[in-house]
Amino acid sequence: MTAVQKQQQKPKTAITPTREENFPEWYQAVVKAADLAENSLTRGCMNIKPYGFALWENTQRALDDKIKEVGVQNAYFPVLIPLSLIAKEADHIDGFATECAVVTHHRLSKNAEGKLAPDPDSELTEPYVVRPTSETIIGESVKNWIQSYRDLPLKLNQWGNVFRWEMRTRVFLRTAEFLWQEGHNVFETADEAREDMKKMLDIYADILENWMAIPVIKGYKTEDEKFPGAVETMTVEAMMQDGKALQSGTSHFLGQTFSKSADIKFQSRDGNIEHAWTTSWGLSTRSIGGLIMTHGDDDGLKVPPKIAQIQVIIIPFLKGDNDDSIVDYCKTLKQNLKSQGVRADVDMRELRAGDKTWDWVKKGVPIRVEVGGREMDAGQVTVTRRDLGKESKTTMSVDEFVAQAQSTLDDIQSNMFETAKKSVMDRIHDVDAIDAARTFFAGNGNGFVRMDKTLWGTNEFNALCDEFSLSPRCIPLDTPDKVIVGKSY
RNA sequence: CGAGAUGUAGCGCAGCCUGGUAGCGCAUCUGGUUUGGGACCAGAGGGCCGGGGGUUCGAAUCCCUCCAUCUCGACCA
C-alpha cells in the first residue's frame, strides 16, 4: 500500500461518522473520543470520567457563585423519600409515579439457592422512593424552619443526584441518574416568588450563554409542558446542531401547591397565618450534552475557555537533541501562562507529538501550543485555535503569546457563542399557519418554527405535533404572542 | 413498553448463510529505525465468540430462551 493510498483510506475527520452522516452516532463518538463518560455497569446510568466531570465542576462552580450572590444557601436532604410523603401532592406524583425507583427492603440475605437477595423478613413497612426531585421532602422539612414572615425568604439549594427510571437513556442527555442542583425558595408573597422564578432563569441563561457559550431562548412553558405541580414553568431552550431542542434549565413558580400539601405556613405582618409561596429551579449534567451538541465538530469536542479544565495545552516536539531545554522552555511557558491566570498544562506523556495533537483536538482544548527546537531557538511558539481549526496555526513570539493569551481566550469564548447564536437564529423559522410548519418539517427542516400562540392547542396543531414528533418548546419572553415548536431531546 | 438492529481480545470489526482447533485492524508490551497534523519494520501478550438450554461425533456458526446495548417511536430534564 502506498502512502497516497493510505492517506486516502484515512478518515478525513477525527470522528466517524460525521454529524451529517449520523448525528446520534457522532454524539456518542465524541463522548468517547473526548473521554467524557461511558455507559455504566448499572443500567441506564453513566460513569462520568475525569475530563467530563471537570466540565461539570467548572459549570457548577460558576453557577454556585451566582446563586450565592442572590442569597441562596446550600443544604442537603436525603436521597430516599418516604412514599407517603411524595404522594401527598396529586399532580406531582402523577408526573413522576411511572419513573420512581422504590426501596422496599433494608437487608440482604442468602436465599434457598445460596444467592444474595433482599431478605423477605426485612421488608419495610413503608417503602422509600429514590428521589426524582425533592420538592416534597424539602417542603415537609422546612415547614418547621418557618414560623414568621421574618423567616422569609428562605432560599435553599441542594447539589446532588436524582433518579428517574427512564425507558430510553442517552449519555448526559437522559440518564436514569443525573447530577444537578435543585433550588427551593420560599416567599411571603406570590409576586416575590414569581420574580424569583424569573431571576433564577436569568442566572441559568447567564451560565449557559456566557460560560458554556450555548445560546438559549428564554420563555414560558405551555400548560401541557409544565412541571408537575407548578403554576408556571419557565425554561431556557437551546437548539442543537441537528435542529432539536434541548431544555437546558427550568425555573418554576409553584404557587401554594407545595406549601399547602406540606402545610408550610407563617404568621404574616398583620398577624394572620398564611401559606407561603414557593419556587424551584434546576440545571443538570444534561447541559454538558448541550455543550457537546452545540459546539462539537467532525474532529470532536470544542470546549468554551471559561469552563475548560485546560485552556492552553503545550505540546513539546522532541527529537532527542535539545529535549531537556525544550521541556524547560515549555514548563516556563506554562508558569508564565499560569501567572496570567490561564489554565495551562504541558503534555509530557510518552506519545508522539502528532498523537498528542489529535488527542487534544478531540478533547476540544481551546488553544494548542507546539514547541520544538525551532520555536525555542527563536523564542517563539506555534499556536492553533480549536474554534478556528488548523488554518489558524500561527507562529509568534512567546512573550507576545503570553501577553495576549487571556484576551485570545476571551475572543474564543465570544466567537464560539456568536457562531452558535447565528446558527440558532438562522434556524428559527417564522410561519403564519400550521400548513407552513408542516411544509418545513416535511422537508426535513432543521430547526424551530415560530407561530402565533393562538394556534397552540388546536386540533391542527396537535396533529402537526403528532405527525412530526414535535412539542411546543416555549412562549418566548421577547415574543409573548408566539410559540416556538420543534423536535426535542 | 412497541419496531428494527447488534452482542466475537481494551476499541472497531470479519467469520455464521454452507457446523470441523479463534481471525483481522487499531491499541498494549519488546527491540530497532523514525519524528512539525494520526510513523515504519520485526516479534510478543491478550478471548468460557453476552448467559442458559437444546440438536450434533463435534456449535461462534443451527434451534429455543433469557439478558444487555444501540437507533427510531411513546414517556420524560
Side-chain angles (χ1 to χ4, degrees), chain A residues 1 3 6-7 9-14 16-17 22-29 32-33 35 38-44 94-100 132-133 162-182 204 221 224-228 233 235-238 245-252 280-290 299 315-321 323 326 350-362 368-376 381-382 384 389-391 393 395 465-469 471 487-489:
Chain A
M1 185 184 299
K6 209 161 174 186
Q7 189 66 37
Q9 275 196 349
K10 216 179 283 169
K12 283 176 284 190
T13 58
T16 47
N22 188 330
F23 196 81
E25 278 188 31
W26 166 86
Y27 174 79
Q28 304 253 124
K32 188 173 198 166
D35 207 28
E38 63 191 7
N39 282 314
S40 173
L41 297 169
T42 305
R43 181 188 180 156
D94 279 356
F96 286 106
T98 58
E99 49 192 35
C100 285
T133 180
V162 284
F163 200 97
R164 300 176 187 177
W165 203 285
E166 297 289 347
M167 304 260 184
R168 180 170 157 222
T169 58
R170 266 188 279 203
V171 177
F172 288 119
L173 300 173
R174 171 158 293 102
T175 45
E177 182 187 34
F178 57 90
L179 306 184
W180 75 344
Q181 57 67 222
E182 48 176 324
Y204 288 158
K221 280 294 184 188
D224 52 339
E225 296 280 325
K226 281 186 331 190
F227 175 77
T233 289
T235 178
V236 274
E237 296 285 323
L246 189 74
Q247 180 176 310
S248 303
T250 47
S251 185
H252 316 289
S280 69
W281 32 283
L283 183 138
S284 76
T285 39
R286 170 181 250 197
S287 58
I288 303 300
D299 283 331
I315 303 169
F317 280 66
L318 305 176
K319 290 184 175 176
D321 302 341
D323 287 4
I326 292 172
E350 286 188 36
L351 292 174
R352 282 188 308 277
D355 291 339
K356 292 183 186 180
T357 301
W358 277 107
D359 192 48
W360 295 113
V361 168
K362 288 185 282 192
R368 296 191 306 280
V369 175
E370 301 175 6
V371 175
R374 290 211 293 268
E375 283 85 357
M376 181 177 65
V381 285
T382 295
T384 311
K390 69 190 253 193
E391 306 306 318
K393 188 189 257 197
T395 299
C465 289
D466 286 349
E467 190 177 344
F468 296 103
S469 304
S471 53
K487 298 182 188 187
S488 82
Y489 278 95

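Per chain, numbering begins at 1; letters A, B, ... match sequence-line order.
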Filtered N/O pairs between nucleotides 32-37 of chain B and protein, under 3.5 Å:
{"residue": "B/rG36", "atom": "O6", "partner": "A/G373", "partner atom": "N", "Å": "3.3"}
{"residue": "B/rG36", "atom": "O6", "partner": "A/R374", "partner atom": "N", "Å": "3.1"}
{"residue": "B/rG36", "atom": "O6", "partner": "A/E375", "partner atom": "OE1", "Å": "3.3"}
{"residue": "B/rG36", "atom": "N1", "partner": "A/E375", "partner atom": "OE1", "Å": "2.5"}
{"residue": "B/rG36", "atom": "N1", "partner": "A/E375", "partner atom": "OE2", "Å": "3.0"}
{"residue": "B/rG36", "atom": "N2", "partner": "A/E375", "partner atom": "OE1", "Å": "3.3"}
{"residue": "B/rG36", "atom": "N2", "partner": "A/E375", "partner atom": "OE2", "Å": "2.2"}
{"residue": "B/rG37", "atom": "O6", "partner": "A/R368", "partner atom": "NH2", "Å": "2.8"}

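- B/rC29 and B/rC72 are spaced 43 Å apart, taking the C1' atom of each and rounding to whole Å.
- Of the inter-residue distances, the one linking A/R374 atom CZ with A/T382 atom OG1 reads 7.0 Å to the nearest 0.5 angstrom.
- When heavy atoms are screened at a 4.0 angstrom cut-off, A/L246 is found touching no nucleic acid atom at all.
- Spacing between B/rC40 and B/rC26 at atom P, rounded to whole Å, works out to 8 Å.
- Atoms CG (A/D94) and C1' (B/rC75) sit 14 Å apart, rounded to a whole Å.
- No engagement by A/S471 is indicated, since no non-hydrogen atom pair under 4.0 Å with the nucleic acid exists.
- Atom CD in A/Q28 sits 12.5 Å away from atom CD in A/E38 (nearest 0.5 Å).
- The separation of B/rG47 from B/rU56, taken at their C1' atoms, amounts to 24 Å, rounded to a whole angstrom.
- Between A/R164 and A/E177 no salt bridge is recorded (no basic side-chain N to carboxylate O distance below 4.0 Å).
- Separating the P atom of B/rC1 from that of B/rC63 is a span of 25 Å, rounded to the nearest Å.
- Here B/rA74 presents its C1' atom at 17 Å from OH of A/Y489, a figure rounded to the nearest Å.
- Rounded to whole Å, the distance from NZ on A/K487 to C1' on B/rG73 is 12 Å.
- Pair assignment for B/rC16 gives none, since no Watson-Crick or G-U wobble pairing has each distance under 3.5 Å.
- When the P atom is used for both B/rU18 and B/rG4, the distance is 23 Å, rounded to whole Å.
- Rounded to the nearest 0.5 angstrom, A/H252 NE2 and A/T233 OG1 are separated by 5.0 Å.
- Atom CD1 of A/I315 is separated from atom OG1 of A/T357 by 4.0 Å, given to the nearest 0.5 angstrom.
- A/V162 has its side chain within reach of A/F178: a pair of non-hydrogen atoms, C-beta onward, lies under 4.5 Å apart.
- Of the residues near RNA chain B, A/L351 and A/D355, the one whose nearest nucleotide (by heavy atom distance) lies more toward the 5' end is A/L351.
- In this structure, A/T175 contributes its side chain and A/V171 its backbone to no donor-acceptor pair below 3.5 Å.
- A salt bridge links A/R352 with A/D355: the distance from a Lys NZ or Arg NE/NH1/NH2 to an Asp or Glu carboxylate oxygen falls below 4.0 Å.
- Within 4.0 Å (heavy atoms only), A/T250 reaches no atom of the nucleic acid at all.
- A straight line from CG of A/D35 to C1' of B/rC11 spans 12 Å, rounded to a whole angstrom.
- Between A/G282 and A/W180, the shortest heavy-atom contact is CA-CE3, 4.3 Å.
- If you measure from atom NZ of A/K362 to atom C1' of B/rA27, you get 11 Å, rounded to the nearest angstrom.
- Salt bridge present: A/K221 and A/E237 bring a charged side-chain N and a carboxylate O closer than 4.0 Å.
- Separation of the P atoms belonging to B/rU8 and B/rC70 is 14 Å when rounded to the nearest angstrom.
- Distance check on atom P: B/rG20 versus B/rC62 gives 11 Å, rounded to whole Å.
- For B/rC26, the paired base is B/rG10 (Watson-Crick or G-U wobble, both distances below 3.5 Å).
- The base-pairing partner of B/rC1, taking Watson-Crick or G-U wobble contacts with both distances under 3.5 Å, is B/rG73.
- Under the Watson-Crick and G-U wobble criteria, each requiring two contacts below 3.5 Å, nucleotide B/rU56 is left unpaired.
- Base pairing annotation: B/rA39 forms a Watson-Crick or G-U wobble pair with B/rU33, both donor-acceptor distances under 3.5 Å.
- Residue contacts shown for A/F178 include a base, since a base heavy atom lies under 4.0 Å away.
- The closest side-chain heavy-atom distance from A/W281 to A/Q181 is below 4.5 Å.
- Going from atom NZ of A/K32 over to atom C1' of B/rA27 covers 12 Å, rounded to whole Å.
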Treating primed atoms plus P, OP1 and OP2 as sugar-phosphate and everything else as base, which nucleotides of nucleotides 66-72 of chain B get B, S or - for protein heavy atoms under 4.0 Å? --SSSSB
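- Look at the P atom in both B/rC49 and B/rA59: the space between them is 13 Å, to the nearest Å.
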